[in-house]
Visitor: 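Before we start, here is the structure in question, set down as structure tokens.
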There are 2 protein chains.
Amino acid sequence: MSHGALSEPDGDRLVEVLAALASPHRLRVLAALAGGRVYVSQLARDLGISRALLQVHLKKLEKAGLVTAHLELSEDGKALKFYEAAPFSLHLTPGSVAVAAATLSTTERT
Amino acid sequence: MSHGALSEPDGDRLVEVLAALASPHRLRVLAALAGGRVYVSQLARDLGISRALLQVHLKKLEKAGLVTAHLELSEDGKALKFYEAAPFSLHLTPGSVAVAAATLSTTERT
DNA sequence: TGCACCTGCCAAAAATAGTTGGCATGAGCC
DNA sequence: GGCTCATGCCAACTATTTTTGGCAGGTGCA
């Protein structure tokens, strides 16, 4: 199965996804990728931020499953790492949040 | 207008809402409130966390517009602050994110 | 008055997240 | 070889967020 596009993630995963989205930089990155795949250095130039900074944000987005990466060789032999937005659909309401919260694992109980 | 339930928030607001949701504690708080209004001290006991901690999280949720508060006097004169979940509906997809990102205000451009 | 609740606020510590700048590697190209 | 462009990674900061513990004020009640 693996529906491919998260829609009913368990609590921990939901937190991870939301945390990944809750950042201006990452929102812009995602927006840029929504327009098509781009490789890291190019993306950094497009957004006007350093590569190091971009990498950190890309990793967080990737870990959350919001973007995917493919290493490719350009015609002239350069190794380019392309990123693209993963298709996803999340519907948040008090109810869906409550459902997800019920599956949270984090440390508790005495 | 003010549709009451955010659905197409501008970028900055979206980040605020997502940040408010991206936390196990706050997800649980929201879940607890989804079941009905509760006053602060009671909620803290229900969740097993300190009042001070709960207050911080409630404030963040309130600022994001995900919960609302009403101060009320109980029959026996005690002042109780009830919180309840605000109705909201957020649909997130690469596309909706891109749209929101376009309205981000944060510091940029040379 | 003393106890049991409720609320609000704060300073300080602890834990995370975000940024910067630099260095190293590998592959074309003049 | 020397220059360009791509990738990856890291140590060191700075900035934010999270959490703790405590104190103060108010009300009702035995």
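Given the structure is predicted, the values throughout are model-derived calculations rather than measurements.
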Visitor: May I ask you to verify if any side-chain N or O of A/Arg26 is less than 4.0 angstrom from the OP1 or OP2 atom of C/dA17?
Guide: no
Visitor: Answer yes when A/Arg13 and A/Glu16 have at least one side-chain N-carboxylate O distance shorter than 4.0 Å, and no when they do not.
Guide: yes
Visitor: B/Gln55 side chain N/O closer than 4.0 Å to the phosphate oxygens (OP1, OP2) of C/dG8?
Guide: yes
Visitor: Nearest-Å distance, CG (B/Leu53) to P (C/dG8)?
Guide: 15 Å
Visitor: Can you figure out which of D/dC5, C/dT7, D/dT7 approaches the side chain of B/Val40 most closely?
Guide: C/dT7
Visitor: Check B/Glu72 with B/Lys78, please: is the shortest side-chain N to carboxylate O separation under 4.0 Å?
Guide: no
Visitor: State which of C/dA17, C/dT19, C/dT7 makes the closest approach to the side chain of B/Lys81.
Guide: C/dT7
Visitor: C/dA4 P sits how many Å from B/Leu80 CG, rounded?
Guide: 19 Å
Visitor: Look at the side-chain N and O atoms of B/His57 and state whether any lies under 4.0 Å from the OP1 or OP2 oxygen of D/dT17.
Guide: no
Visitor: Using atom NE2 of B/His25 as one end and atom P of D/dT20 as the other, report the distance to the nearest whole Å.
Guide: 8 Å
Visitor: Both A/Ala79 and A/Ala19 contact DNA chain C. Taking the nearest nucleotide for each, which residue is further toward the 5' end?
Guide: A/Ala19
Visitor: Taking the side chain of B/Lys60 as its heavy atoms from C-beta onward, which of D/dT19, D/dT17, D/dA6 lies nearest to it?
Guide: D/dT17
Visitor: Below 4.0 angstrom from OP1 or OP2 of C/dT7, is there any side-chain N or O of B/Ser41?
Guide: yes
Visitor: Between P on D/dA6 and CZ on A/Arg51, what's the gap in Å once rounded to a whole number?
Guide: 9 Å
Visitor: Of the listed nucleotides (C/dT20, C/dT19, D/dA6), which one gets closest to any side-chain atom of A/Ala52?
Guide: C/dT20
Visitor: How about A/Arg26 and A/Leu21: do any of their side-chain heavy atoms sit closer than 4.5 Å?
Guide: no
Visitor: Please compare A/Ser50 and A/Gly77 by the position of their nearest nucleotide in DNA chain C and report the one closer to 5'.
Guide: A/Ser50
Visitor: Any side-chain heavy atom of A/Leu58 sitting closer than 4.5 Å to one from A/Tyr83?
Guide: yes
Visitor: Nearest-Å distance, CG (B/Leu61) to P (D/dT17)?
Guide: 14 Å
Visitor: Grab the CG-C1' distance between B/Asp76 and C/dC5 for me, whole Å please.
Guide: 9 Å
Visitor: Taking atom types as modelled, is there a side-chain donor on A/Ser89 or B/His91 under 3.5 Å from an acceptor on the other?
Guide: yes
Visitor: Rounding to an integer number of Å, can you tell me how far A/Glu62 CD sits from D/dT7 P?
Guide: 13 Å
Visitor: Give the rounded distance in Å between these two atoms: NZ of A/Lys59 and P of C/dA17.
Guide: 15 Å
